[in-house]
Amino acid sequence: MPVQVLGEILSIRKVGAYQAVTVVAPGIAELYRPGHFVAVQVGGPESSMLLRRAFAIYDVQSRGVYGGTVQFVFSVHGKGTEWLSHRKPQDKIDVVGPLGKPFRLPTTPVRATLVGGGYGSAPLLPLAVALRERGCTVDFVLGAGSADKLFGQLDAKRLAGVIAVTTDDGSAGERGRVSDVLPQVLERTNSDVVYACGPMAMLRAVTEIATARGITAQVAVEESMACGIGVCMTCVLPVRGEDDVTRMVRSCVEGPVFLGDRVRWDDVGTVPADALGAPTGGH
Amino acid sequence: MPVQVLGEILSIRKVGAYQAVTVVAPGIAELYRPGHFVAVQVGGPESSMLLRRAFAIYDVQSRGVYGGTVQFVFSVHGKGTEWLSHRKPQDKIDVVGPLGKPFRLPTTPVRATLVGGGYGSAPLLPLAVALRERGCTVDFVLGAGSADKLFGQLDAKRLAGVIAVTTDDGSAGERGRVSDVLPQVLERTNSDVVYACGPMAMLRAVTEIATARGITAQVAVEESMACGIGVCMTCVLPVRGEDDVTRMVRSCVEGPVFLGDRVRWDDVGTVPADALGAPTGGH
Amino acid sequence: MTELTVRRDVPAPRPRVDLSTRLAGRTFPNPVFTASGCAAAGQELDQFFDITELGGVVTKSIMLAPRSGRATPRMAETPSGMLNSIGLQGPGIDAFLDKDLAWLADRGARAVVSIAGGSVEDYTQLAQRLRGAPGLAMLEVNISCPNVEDRGQVFACDPRAASEVVSAVRKTMTPDIPVFAKLSPDVTDITAIARACVDAGADGLSVINTLLGMAIDTDTMRPVLAGVTGGLSGPAIRPVAVRCVWQVHQALPDVPILGMGGIRTGRDALEFVLAGASAVSVGTTVFGDPMAPVRVLAELAQALADRGFERFSDAVGLAHRPPEAALPEGPDPVGDPA
Amino acid sequence: MTELTVRRDVPAPRPRVDLSTRLAGRTFPNPVFTASGCAAAGQELDQFFDITELGGVVTKSIMLAPRSGRATPRMAETPSGMLNSIGLQGPGIDAFLDKDLAWLADRGARAVVSIAGGSVEDYTQLAQRLRGAPGLAMLEVNISCPNVEDRGQVFACDPRAASEVVSAVRKTMTPDIPVFAKLSPDVTDITAIARACVDAGADGLSVINTLLGMAIDTDTMRPVLAGVTGGLSGPAIRPVAVRCVWQVHQALPDVPILGMGGIRTGRDALEFVLAGASAVSVGTTVFGDPMAPVRVLAELAQALADRGFERFSDAVGLAHRPPEAALPEGPDPVGDPA
Ligand SMILES: Cc1cc2nc3c(=O)[nH]c(=O)nc-3n(C[C@H](O)[C@H](O)[C@H](O)COP(=O)(O)OP(=O)(O)OC[C@H]3O[C@@H](n4cnc5c(N)ncnc54)[C@H](O)[C@@H]3O)c2cc1C
Ligand SMILES: Cc1cc2nc3c(=O)[nH]c(=O)nc-3n(C[C@H](O)[C@H](O)[C@H](O)COP(=O)(O)OP(=O)(O)OC[C@H]3O[C@@H](n4cnc5c(N)ncnc54)[C@H](O)[C@@H]3O)c2cc1C
Ligand SMILES: Cc1cc2nc3c(=O)[nH]c(=O)nc-3n(C[C@H](O)[C@H](O)[C@H](O)COP(=O)(O)O)c2cc1C
Ligand SMILES: Cc1cc2nc3c(=O)[nH]c(=O)nc-3n(C[C@H](O)[C@H](O)[C@H](O)COP(=O)(O)O)c2cc1C
Ligand code: FES
Ligand code: FES
């Protein structure tokens with residue numbers, strides 16, 4: 001059960017091209033599992049911005065003098081994240097979380113490859129910790145546009161067997177995309193499962209590569225969200241259910257983590273004609 | 001000619017129930033005369049508040065490292081002033097000024113009584129300085145709801161011959177209203193002219209008292225303003241012109257200072273039937 | 001120490017104002033409801049507060065068949081508002097009755113079921129299916145839908161079409177269930193549509209649905225929404241909504257109104273009530289503030305108490321009193337707050 | 001050091017885009033205008049920037065006789081908007097011609113004179129008086145006025161009444177002066193009114209006037225505005241305005257549109273242009289930001305340059321291009337800004 005908390009910012013610091021915010025938010029840490037996200041109010045009381053902004057949870061602390069904190073990492077994208085980037089310690093922000101369906105963890109100690117694009121690696125780091133606690137071996141593939149947009153490389157090194165890094169401009173690791181190196185990594189590590197978080201195009205490529213090797217990919221998608229809690233229906237994408245019927249499902253409550261091969265990547269942004277309740281001629 | 005300046009706040013400090021803000025705003029000091037006001041943007045770039053807030057100028061400095069500053073005094077009234085009250089030094093605010101018609105100064109060294117209600121005394125203090133520079137003798141009547149809402153008492157003492165103070169609750173000076181003591185002050189000082197700034201009811205009473213003694217009162221009114229620069233027509237009140245015709249005049253450009261006996265106090269908030277262009281039957 | 005607002009923990013000290021309100025034949029314990037399409041069928045919000053504390057839960061408009069809704073993007077944030085173009089995605093009436101309404105009934109919530117269709121027949125069948133459904137407290141007829149039999153002309157924009165739908169639904173639904181017609185502001189004269197609905201048997205009116213709007217992405221240089229146009233909601237439209245409530249109440253003072261459009265605080269809710277609403281829906285605000293409905297309820301109760309009201313119902317339409325009319329026993333305009 | 005923005009000092013380095021625009025027969029040097037009632041007759045704004053830098057100055061709607069306007073309060077701030085109820089205060093056409101228009105002509109500004117009346121005869125006489133007036137570049141007919149001869153029915157809400165006014169004005173005004181009819185969004189089908197105006201001879205359309213709204217003071221428990229209802233303007237209404245421009249341009253692609261409603265930035269202006277406006281008016285924003293019109297102009301020029309446009313006119317209506325259509329030579333959708 002998510003909570004809504006008006007909490008104080010403990011710290012806000014630059015990490016490469018991003019900022020990492022830690023906010024006091026008791027009640028979130030207790031329920032948190034890797035893959036959950038928070039939704040944050042922006043702009044202050046007389047703001048013209050009504051909607052929350054979603055951020056993957058990077059870290060939680062359930063103890064300590066503050067009775068629980070949550071940390072997330074963000075890049076400035078538009079007006080709301082611009083506002084957020086000017087917050088200072090002791091300012092308060094309104095946070096709702098934990099939200100969404102987290103990554104499912106394997107019940108046996110498997111080998112897992114975690115693929116992160118940009119800030120998408122943030123939720124993968126606590127995932128790696130959880131996997132290792134279950135005896136899994138973890139490998140990382142991290143990619144970004146440029147070196148300053150790689151997130152969590154050091155942490156990943158500490159947690160991973162293998163780590164591969166790519167950047168579009170070659171300013172760190174190999175020049176190219178994660179999908180360029182992923183096949184070799186999977187080959188080399190013989191991974192049983194793939195987890196990914198990052199841009200939609202990356203998730204799609206990762207899914208294809210994993211599926212081609214016959215392994216499952218769990219991917220955390222990023223769809224434009226108005227509420228984050230399942231009441232507005234803005235964040236849908238076409239996903240094939242276990243009954244093989246395609247539905248427009250809410251990525252905020254039925255995701256953001258999906259089995260990659262269930263997402264109809266070709267049809268994201270459309271309503272496939274065979275989706276449940278799809279328009280028939282009439283409209 | 002007013003200027004529009006995005007200036008840094010140099011200081012913002014509590015003065016009784018008010019806050020006094022000094023902001024860097026070159027170009028305003030040079031043109032300033034007592035009675036002028038500034039109009040300030042509130043709420044920041046993504047604010048839902050579109051309109052400026054008007055404040056009487058309390059002080060200007062045209063020299064110094066900052067190349068010109070302006071100071072005003074405000075009380076928290078609604079959302080915009082609430083926002084303003086949370087500003088800190090180095091924050092920037094957008095200021096337009098100097099605006100309006102200032103107090104007219106006598107050409108001969110007369111004796112003047114200055115009547116201020118609440119923060120209304122702020123523009124009267126620089127007025128007193130200007131009057132004294134012209135050889136006038138200045139007396140003050142200051143009133144407010146309670147002691148913490150009196151503004152500028154010390155400055156006034158320094159500048160004035162006589163100073164009388166009233167509060168509604170008796171927490172400073174005499175219990176009562178400025179209009180209770182004004183007749184005696186005028187009697188005692190034999191003033192030639194009255195200047196007043198404060199709530200509309202006070203301005204009306206002051207005008208009546210002055211008029212009864214056959215002396216003129218210049219009053220600075222406070223009407224709800226959307227633009228402050230004369231383009232919106234929201235700030236009007238019925239004023240009799242020199243041709244004796246009543247017009248709905250803009251208090252932001254033809255005021256805020258008016259000759260008290262020209263304002264149709266009974267009719268403020270209405271359009272008198274004999275006003276120029278008043279509705280005739282049809283609408 | 002750090003200040004916290006955590007869900008459920010605050011059983012707000014409710015001031016002693018009788019908040020109950022009558023909407024047509026039915027009494028609701030208080031006048032704050034959710035808005036259709038902004039609270040799904042209540043389950044998600046029940047995680048944040050006890051939804052039975054609300055006057056009623058208005059469900060997302062339901063159609064006969066399951067419906068996928070439109071392609072994405074389905075929303076755009078706008079100044080103090082948002083555009084949506086969901087396309088009435090939903091599970092269809094069967095699944096709705098089985099799961100959503102059953103859950104609401106179980107939970108003890110007062111369900112206001114919103115129905116939508118493409119023809120008079122659709123609406124009639126929906127009313128038919130809902131007859132006698134446990135948990136149903138009221139019916140809201142969303143007539144802001146294109147009439148597939150009339151070149152997509154929206155029912156709510158034509159008095160005759162609106163009247164046909166309302167009359168069919170009213171005849172079909174059992175008399176104990178109030179039927180409210182939900183009006184669109186996108187008309188030249190909202191009172192004409194209001195009158196048509198009431199003449200056709202509507203027991204009350206929901207005022208207002210979203211305004212038709214659109215946004216263009218200046219990067220792709222195309223409309224932002226996949227559906228091109230969408231519905232504008234949120235505080236941006238509040239002045240239009242208050243005006244519509246005012247006009248409808250003035251034209252039909254005896255018809256109960258469920259008012260909505262940009263309500264964010266108890267003060268906003270009071271504005272609607274003074275204009276003539278007997279109850280209010282909190283819609284878009286929920287997206288930014290899931291606890292808003294109960295907060296608005298507590299704030300409204302406080303605002304009424306501050307003004308000396310003993311009964312909520314005494315405030316309904318009070319802003320229409322003639323210029324020098326006295327206020328009813330109790331209430332006082334609030335003076336200078338300083 | 002402290003950063004300053006002081007008036008006049010910034011002759012913005014204008015990117016090399018041809019900003020000229022044709023509105024019916026007339027060419028204006030650029031497409032950014034003031035909005036009627038938001039810039040008086042230009043003199044006050046000329047203190048802040050050189051008003052001849054604007055495409056045109058649209059003056060406050062003028063009536064035949066001097067007019068006092070309504071009682072105060074005349075305005076209320078609302079979320080991202082404001083309500084106004086000025087009641088067309090003005091000096092009457094004689095004083096306007098003598099002082100205001102003469103000043104604009106002298107100053108070298110392109111004056112777009114807005115006229116308002118209570119009967120077809122009023123409008124005709126106004127057009128008569130304005131025939132051949134020096135400085136007059138265009139006429140904007142504000143038809144959002146009550147028709148005193150038809151129980152106060154607003155001209156803009158009735159195709160026939162709108163058509164009569166426009167036809168009378170068009171017949172009276174010399175052919176060299178474009179006549180634009182200004183449409184109200186408060187109608188069921190804005191394209192029907194648009195068509196009626198164009199059929200009656202309007203050379204173009206101004207889209208949109210304010211939305212009817214109201215606010216209630218929850219302290220006095222009465223309407224805030226002395227006039228009870230007022231016009232809603234500002235960014236809050238932008239999505240409605242863009243939608244109206246889109247619909248009108250789609251219905252009448254060859255009719256030039258002066259678009260307005262909540263424009264605050266060059267990006268906002270571009271939204272209107274892509275929707276189909278050949279020029280834009282900056283209205284309410286001026287109240288909070290007197291220099292907004294020239295800032296919007298500079299930002300629009302920059303936005304066009306960033307997208308590879310060489311001519312402003314190539315952007316007009318571009319968001320209507322079919323789904324897979326290529327962009328004209330030059331322009332490129334802007335990619336990820338990161
Ligand atoms: C589950 C999830 C997890 C995310 N995690 C992170 C993260 O860890 N770090 C990070 O930097 N960003 C993350 N994002 C993206 C982040 O939510 C957007 O960058 C942010 O909402 C943009 O807000 P803005 O005000 O800057 O942009 P604007 O364009 O002004 O936003 C306008 C509206 O659109 C919505 N919106 C715009 N872009 C997105 C988007 N990409 N995703 C969802 N909603 C969007 C906003 O929520 C807002 O309601 C995540 C998104 C989702 C859905
Ligand atoms: C010429 C002039 C000089 C003033 N000088 C001072 C001063 O020195 N110190 C001070 O504390 N206050 C002064 N005021 C009043 C001050 O402008 C208002 O208190 C302030 O605008 C309220 O803004 P708000 O956001 O707090 O209230 P809100 O009620 O949120 O304001 C909403 C809108 O109404 C307008 N408005 C509301 N009340 C007033 C008002 N009383 N006068 C004008 N506009 C109003 C605001 O400008 C804004 O556009 C002056 C007003 C005028 C006209
Ligand atoms: C995302 C969204 C979906 C909506 N869906 C419906 C709907 O299904 N049926 C309906 O009658 N109104 C629907 N509405 C309109 C709201 O119920 C309400 O009338 C409108 O949004 C104005 O209120 P608000 O500003 O408080 O949201 C929807 C509004 C939004 C924002
Ligand atoms: C205070 C005020 C006065 C206005 N007066 C007029 C007017 O006299 N004639 C007219 O056609 N429109 C008038 N308008 C409407 C504007 O010209 C414009 O159409 C509308 O405000 C939408 O644009 P905006 O949101 O940029 O202000 C007025 C608007 C405001 C805010
Ligand atoms: S964001 Fe509202 S349902 Fe997913
Ligand atoms: S405040 Fe706009 S004209 Fe005076």
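So you know, we letter chains A, B, ... as the sequences are listed, proteins then strands, and number each from 1.
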_Looking at chain D, which one of B/Lys79, B/Gln90, B/Met233 has the largest number of heavy-atom pairs inside 4.5 Å, strictly under?_
B/Met233

*Non-hydrogen atoms of chain B under 4.5 Å away: do they reach the side chain of D/Thr78, the backbone, both or neither?*
backbone

*Begin with the C-alpha distance, continue with both residues' side-chain angles, and end with the deciding distance and a verdict on side chain to side chain contact (heavy atoms under 4.5 Å, CB included) for D/Gln47 and B/Ile229.*
CA-CA 10 Å; D/Gln47 299 178 297; B/Ile229 58 170; 5.7 Å; no

_Looking at chain D, which one of B/Val271, B/Thr234, B/Leu50 has the largest number of heavy-atom pairs inside 4.5 Å, strictly under?_
B/Leu50

*Where does D/Pro290 contact chain B at under 4.5 Å (heavy atoms): side chain, backbone, both or neither?*
both

*Is B/Ser48 reaching over with its side chain to a backbone N or O of D/Ser80, donor-acceptor style, under 3.5 angstrom?*
no

*Could you look at D/Arg264 and say if it's the side chain, the backbone, both or neither that has a heavy atom under 4.5 Å from chain B?*
side chain

*Could you have a look at B/Ser47, B/Gly228, B/Ala226, B/Ala39 and say which one has the most heavy-atom pairs with chain D under 4.5 angstrom?*
B/Ala226

*Hey, does the side chain of B/Gln4 reach the backbone of D/Asp289 with a donor-acceptor pair shorter than 3.5 angstrom?*
no

_At a 4.5 Å cut-off on heavy atoms, which part of B/Val96 comes close to chain D: side chain, backbone, both, or neither?_
side chain

*Quick one: what part of B/Thr246 sits under 4.5 Å from any heavy atom of chain D, side chain, backbone, both or neither?*
neither

*May I ask you to check whether over 12 heavy atoms, not counting those of B/Arg33, lie within 6.0 Å of atom CZ?*
no

*Heavy atoms only: give me the nearest D/Cys38-B/Val231 pair and the separation to one decimal.*
O-CG2, 3.7 Å

_Interchain contact, D/Ala226 with chain B, by part (heavy-atom threshold 4.5 Å)_ = neither

*How close do B/Ser224 and D/Met75 get, heavy atom to heavy atom, and via which atoms?*
OG-CE, 3.4 Å

*asked:* Can you confirm whether more than 12 heavy atoms, excluding those of B/Arg177, are under 6.0 Å from its CZ atom?
replied: no

*Closest heavy-atom pair and its distance - B/Arg53, D/Glu77*: NH2-OE1, 2.7 Å

*When heavy-atom pairs shorter than 4.5 Å are enumerated against chain B, which of D/Ser68, D/Pro79, D/Ala65, D/Ala41 gives the highest number?*
D/Ser68

